[in-house]
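Quick note on labels: first sequence line is chain A, next is B, and so on, each numbered from 1.
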Number of protein chains: 2
Amino acid sequence: MTYTIKEAAKKTGLSIYTLRFYDKSGLLPFVARNASGYREFTDGDLQLLHTICCLKNTDMKIADIRTYITYVMQGPDTVKQRQALLAKHREKVVAKQAQLAQNLQEIDYKLDMYRAPDAVARVKDELRLAKADKLLAGLADPFQATH
Amino acid sequence: MTYTIKEAAKKTGLSIYTLRFYDKSGLLPFVARNASGYREFTDGDLQLLHTICCLKNTDMKIADIRTYITYVMQGPDTVKQRQALLAKHREKVVAKQAQLAQNLQEIDYKLDMYRAPDAVARVKDELRLAKADKLLAGLADPFQATH
DNA sequence: GCTTGCCCTAGAGCGTGCTCTAGGGTTTAT
DNA sequence: ATAAACCCTAGAGCACGCTCTAGGGCAAGC
């Protein structure tokens, strides 16, 4: 009922290199070794790895993930610390979500413009304004106007 | 009606270093120089910089932003290319949003557990299962159980 | 005219997260 | 018993996005 590193890599979608790197970085202290020094991943290990990926995918730093894993290894006494760490991280994720949503709106605004029937006219207008700005400031026009 | 690099930095929230780095990287071909070689940012430049930040904040690679800016510099003929580039990027952003939402759910699940009145009991249970996995596989228990 | 504070470039350095190489042992199948 | 396919570590290397240093010029106030 254990998996080799290759199997674990396949199941997690991480590369073998990454798994070893994570282990080296102290993220996988729970992974046991067999008599030959080979890693043996249990299902429980994969669950923990899943949590690690979850934190990594939300841009938690390796060092912070290590802190979290250290708490987990220390048992139920560290529930409060885990909660504090995750709560702080949660706020960052929510903030990132908000920023992403806002930026997406702006990208969509541009996309709508480019997709509109009068896209070329609107882009020409934008360009005209930018050029006017330059002119007003007595600066050279950097745009390669071919029309 | 122009801004120095310091003012542009303040207005964009980027460091002066970053602005110069972006310029070096080909992201700011539109920024003019005065007789002394100093950069002069117009309001139009700041708008373009805003777009650049938007793309950067949604994890577009510098090289791809440069491609986009190159299109912009080439004028209205490149509307189709801009659209294709942004459309592709949009999909990545949407995918990232979905992943973030999913990961947030999992973080919230953990947080709920840690915040529950019976948090310690539930964590102990989790731990018990992980230990059982190890035992079943004939592996050592890596958890520092102090209870 | 001198100080202070700004601007410039080129290029080195750094932090993060992998990714790969070299060198070597283990396991499995034939 | 040998080949093929796996495993290991240590450490080098790489990609990216800055960040800073060195060395030097420009501008404004006293």
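- One interatomic measurement links the two molecules: CZ of B/R33 to C1' of C/dC6, which rounds to 15 Å at whole-angstrom precision.
- Although no hydrogens or angles enter the test, the distance criterion places no donor-acceptor pair under 3.5 Å between the side chain of A/D118 and the main chain of A/A121.
- Here the closest non-hydrogen pair linking A/Q83 and B/Y114 is OE1-O, 3.4 Å.
- Chain A approaches DNA chain D within less than 4.0 angstrom (heavy atoms of the protein), and the contacting nucleotides run 5' to 3' from D/dC6 to D/dG11.
- A/T4 comes within 4.0 angstrom of the backbone, heavy atoms only, and of no base.
- Taking the nucleotide of DNA chain D with the nearest heavy atom to each of A/K24 and A/Y38, the more 5' of the two is matched to A/Y38.
- Rounding to whole angstrom units, CG of residue B/L19 and C1' of C/dC8 are separated by 14 Å.
- Spacing between atom CG of A/D23 and atom P of C/dT19 amounts to 17 Å, rounded to whole angstrom units.
- Distance, B/I5 CD1 to C/dC7 C1': 8 Å, rounded to whole Å.
- Classification of B/D125 and B/R128 as a salt-bridged pair holds, one side-chain N sitting under 4.0 Å from a carboxylate O.
- Residue B/I16 is the one, among A/S36 and B/I16, whose nearest nucleotide of DNA chain C lies closer to the 5' end (criterion: closest heavy atom).
- Salt bridge present: B/K134 and A/D45 bring a charged side-chain N and a carboxylate O closer than 4.0 Å.
- Side-chain polar atoms of A/Y71 and A/D77 form no donor-acceptor pair below 3.5 angstrom.
- Here B/R20 lies in heavy-atom contact (under 4.0 Å) with a base.
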#### Entry: Residue pair B/L49, B/L14: steps toward the side-chain contact (heavy atoms from CB on, under 4.5 Å) verdict
CA-CA 10 Å; B/L49 247 175; B/L14 300 172; 4.1 Å; yes
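- Rounded to an integer number of Å, the gap from CD of B/E7 to P of C/dC6 is 11 Å.
- If you take NZ of A/K6 and P of C/dT27, they are 17 Å apart, rounded to a whole angstrom.
- For DNA chain C, none of the residues of residues 42-71 of chain B falls under the heavy-atom distance limit of 4.0 Å.
- Residue B/R39 holds its CZ atom at 4.0 Å from CZ of B/R33, rounded to the nearest 0.5 Å.
- Put simply, CG on A/N34 is 12 Å from C1' on C/dG25, counting in whole angstrom units.
- Checking A/H50 against A/T12 by side-chain atom types alone, no donor-acceptor pair falls below 3.5 Å.
- Within the 4.0 angstrom heavy-atom criterion, only backbone atoms of the sugar-phosphate kind lie near B/R39; the bases stay farther away.
- Remark: the backbone N or O of B/T4 is paired with a side-chain donor or acceptor of B/E7 at under 3.5 angstrom.
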